Amino acid sequence: MSSGTASGETSGGAARIALVDVNNFYVSCERVFDPRLEGRPVVVLSNNDGCVVARSQEAKSLGIATGVPWFQVEPLARRWGLVARSSNYELYGDLSSRVMELLGRFGVWQEVYSIDECFLGLPGSEAQLRTTAGAIRTAVGRRVGVPVCVGVAPTKTLAKFANHIAKRNPGMGGVCSLDSMPAGDIERIQSRVPATGLWGVGRKTGQRLAALGIETIADLKAADPLMIRKRFSVVLQRTVLELNGTACIPPIDEHADKQQIIFSRSFSSPVTTAEEMDQVMAVYAQRAAARMAEDGLRASVLTVTAGTSRFAGGAASFPSASVQLPAPTQDPIQLTRAAVGAMRGVFEAGQKYVRAGVLFTGLEPADAQEAFDPFVSDLDQRHIGDLLGSVRAKFGEAAIGLGQGGLAAPAAWSMKREFSSPRYTTEWKDLPVVRA
DNA sequence: TCTGGGGTCCTAGGACCC
DNA sequence: TCTGGGGTCCTAGGACCC
């Protein structure tokens, strides 16, 4: 993907970068199909309805922080009129691709950065940029039904910063173009906002910066990039350069192959026996293998992990084991066997495990012939993954599975999603019905 | 009782080689 | 026992992001 990033300081005609993102994305998705949620405090919960991962503006105003456990908020929900939804990733993923397709039409280039945001290359004068930004908001609002904010600036870091300003100042109408702000205003904001408000500067880096007297965005902008490179990293050096108008964050290669595939989940009730954990590994390995097959990849290394609760007292246990596979594969049978076997080696009976995961690395494209494996004598077995995939596509995720993974009924540890909305856009039977 | 999941990139350090 | 420098490759762990 070509990045048309210009580093010019001049306005008027110089290419600019827009960062467009959806406000409170998960909540906004829920509202598209349930307008009763409009104007009310709404939160979306993580898997197992564990903790809050998204909040509407009204929920934020109530002081509900992201990451708080639901069981702490729940007692107050009724009084607040607070609505909770389990996360519905099928819905969010589908609406995301609609938003991204639409946004792509406005830029000379587009880099999708996350499920709810992308960078766009925008040419044109300052006046044209503002017109385009407004048109983006209108189009996404009308065609998908979710609100977005647009930040426009000469670099990605500054575009993120501009977006942040647009979000916090409702009077700006959801758009902030740095070029049209008076320099004094920008400096004032930058000397007030802590450096950790920037993209790429987290808590730890913030602490180390503060120890050097670098507290605000303005301080970091004024820092010597070479000193920052030496004492921190090339990543933070780029942040400093970008704050000063030099675009240097490399383009995101969306077509690059993944480096790893993870399937990891917490359980709705603890797993304590080796037999149950075998079952978990069988299910998780197959889910991860299905994802890998969708991406057309195969793995050469498999890692399994499990963990006890970080909030429970007593002896913690975080077993983990990696296996080098005899040859790169996407065969769910081999992968399931390997996962179960690896976990048996490190599992501690009697511990209360609350989560586990299966991780594939050493990924490569699977188009080449699968390497000959003398242990797989039956040729048909090599196509078992395709078969499972097509059955699942037709009859649903739980329709078929191998061995322990072919659970007819959900196991005691399987995921809890009590407040889930329907899969409005990806499941025929969940299609909304409109009456006129 | 009940506390998420899926990624990326960078760096440091060790093994190994000439 | 003393004793070099330079390079690559790999992995684990840290930090960050949404």
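Only a predicted model underlies this, so the values are computations on that prediction, with no experimental measurement involved. Labels below follow one simple rule: chain letters A, B, ... track the order of the sequence lines, proteins then strands, and each chain is numbered from 1.
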- request: Rounded off to whole Å, could you give me the CZ-to-P distance for the A/F232 and C/dG14 pair?
  value: 18 Å
query: With respect to the phosphate group of B/dG5, does any side-chain polar atom (N or O) of A/R355 fall under 4.0 Å of OP1 or OP2?
result: yes
- request: Using atom CG of A/L236 as one end and atom C1' of C/dC17 as the other, report the distance to the nearest whole Å.
  value: 15 Å
- request: Output the single nucleotide from B/dG4, B/dG6, C/dC16 whose closest atom is nearest the side chain of A/V53.
  value: B/dG4
- request: Write down the distance between CZ (A/F25) and C1' (B/dG6), rounded to a whole number of angstrom.
  value: 16 Å
query: With respect to the side chain of A/W199, which nucleotide from B/dT3, B/dG4, C/dC17 is positioned closest?
result: C/dC17
- request: Using the C1' atom on both, measure B/dC16 against C/dG4 and round to a whole Å.
  value: 16 Å
task: Starting at atom CD1 of A/I261, determine the distance to atom P of B/dG5, rounded to an integer number of angstrom.
output: 18 Å
query: Is any side-chain heavy atom of A/L19 closer than 4.5 Å to a side-chain heavy atom of A/V150?
result: no
query: Side chains of A/R265 and A/R355: closer than 4.5 Å at any heavy-atom pair?
result: no
query: Is there aromatic stacking of A/Y113 against C/dC18, centre distance under 5.5 Å, plane angle under 30°?
result: no
- request: Can you tell me the distance, in whole Å, between the OH atom of A/Y89 and the P atom of B/dG5?
  value: 8 Å
- request: For A/N48 and for A/R229, find the nucleotide of DNA chain B with the closest heavy atom, then tell me which residue's nucleotide is more 5'.
  value: A/N48
query: For the residue pair A/Y353 and A/F318, is the inter-centroid distance of their aromatic rings smaller than 6.0 Å?
result: no
- line: A correct 5'-to-3' footprint of nucleotides 7-13 of chain C, with B, S and - meaning base, sugar-phosphate only and no protein heavy atom under 4.0 Å, is -------
With A/S309 via side-chain contact (heavy atoms from CB on, under 4.5 Å) - residues at least two apart: A/F311, A/A312, A/V354
message: Restricting to non-hydrogen atoms, name the atom on A/G39 and the atom on A/R31 that form the minimum distance, rounded to 0.1 Å.
response: N-NH2, 3.7 Å
- prompt: What do you reckon, is CZ of A/R143 surrounded by more than 12 foreign heavy atoms closer than 6.0 Å?
  reply: no
query: Considering only heavy atoms from C-beta outward, does the side chain of A/S300 approach that of A/Q324 to under 4.5 Å?
result: yes
query: So, A/N24 and A/K60: side-chain donor and acceptor under 3.5 Å apart, yes or no?
result: yes
- prompt: Under a 4.0 Å heavy-atom cut-off, which of residues 264-272 of chain A touch DNA chain B?
  reply: A/S264, A/R265, A/S266
- prompt: Which whole-number value in Å describes the distance from A/R238 CZ to C/dC16 C1'?
  reply: 14 Å
- request: For B/dT3, take OP1 and OP2 only and decide whether either is under 4.0 Å from a side-chain N or O of A/S309.
  value: no
task: May I have the distance from A/L198 (atom CG) to C/dC18 (atom P), rounded to whole angstrom?
output: 11 Å
message: Does any part of the side chain of A/F106, heavy atoms only, come nearer than 4.5 Å to the side chain of A/V20, both counted from C-beta?
response: no
message: Between A/K416 and A/D49, is the salt bridge (charged side-chain N to carboxylate O under 4.0 Å, His left out) condition met? List the steps.
response: CA-CA 7 Å; A/K416 189 171 68 181; A/D49 298 334; 5.8 Å; no
message: With no hydrogens and no angle check, just 3.5 Å: does a side-chain donor-acceptor pair link A/E348 and A/S317?
response: yes
query: For A/T425 and A/D94, does a side-chain donor sit closer than 3.5 Å to a side-chain acceptor?
result: yes
- prompt: A/S233 or A/K258: which one's nearest nucleotide on DNA chain B is closer to the 5' end?
  reply: A/K258
DNA chain B contacts made by residues 58-86 of chain A, counting heavy atoms under 4.0 Å: A/P69, A/F71
task: Return the value, rounded to whole Å, for the distance between atom CD of A/Q207 and atom C1' of C/dC16.
output: 14 Å
For a quick test of your reading: what N or O donor-acceptor pairs under 3.5 Å do the side chains of residues 229-238 of chain A make, sequence neighbours left out?
| unit_1 | atom_1 | unit_2 | atom_2 | d |
| --- | --- | --- | --- | --- |
| A/S233 | OG | A/V235 | N | 3.3 |
| A/S233 | OG | A/L236 | N | 3.3 |

task: Mind checking which stems touch DNA chain C? I mean at least 3 consecutive Watson-Crick or G-U pairs, both distances under 3.5 Å.
output: B:5-18 with C:5-18
- request: When you get a sec, tell me which of B/dG4, C/dC16, C/dC18 is the closest nucleotide to the side chain of A/S114?
  value: C/dC18
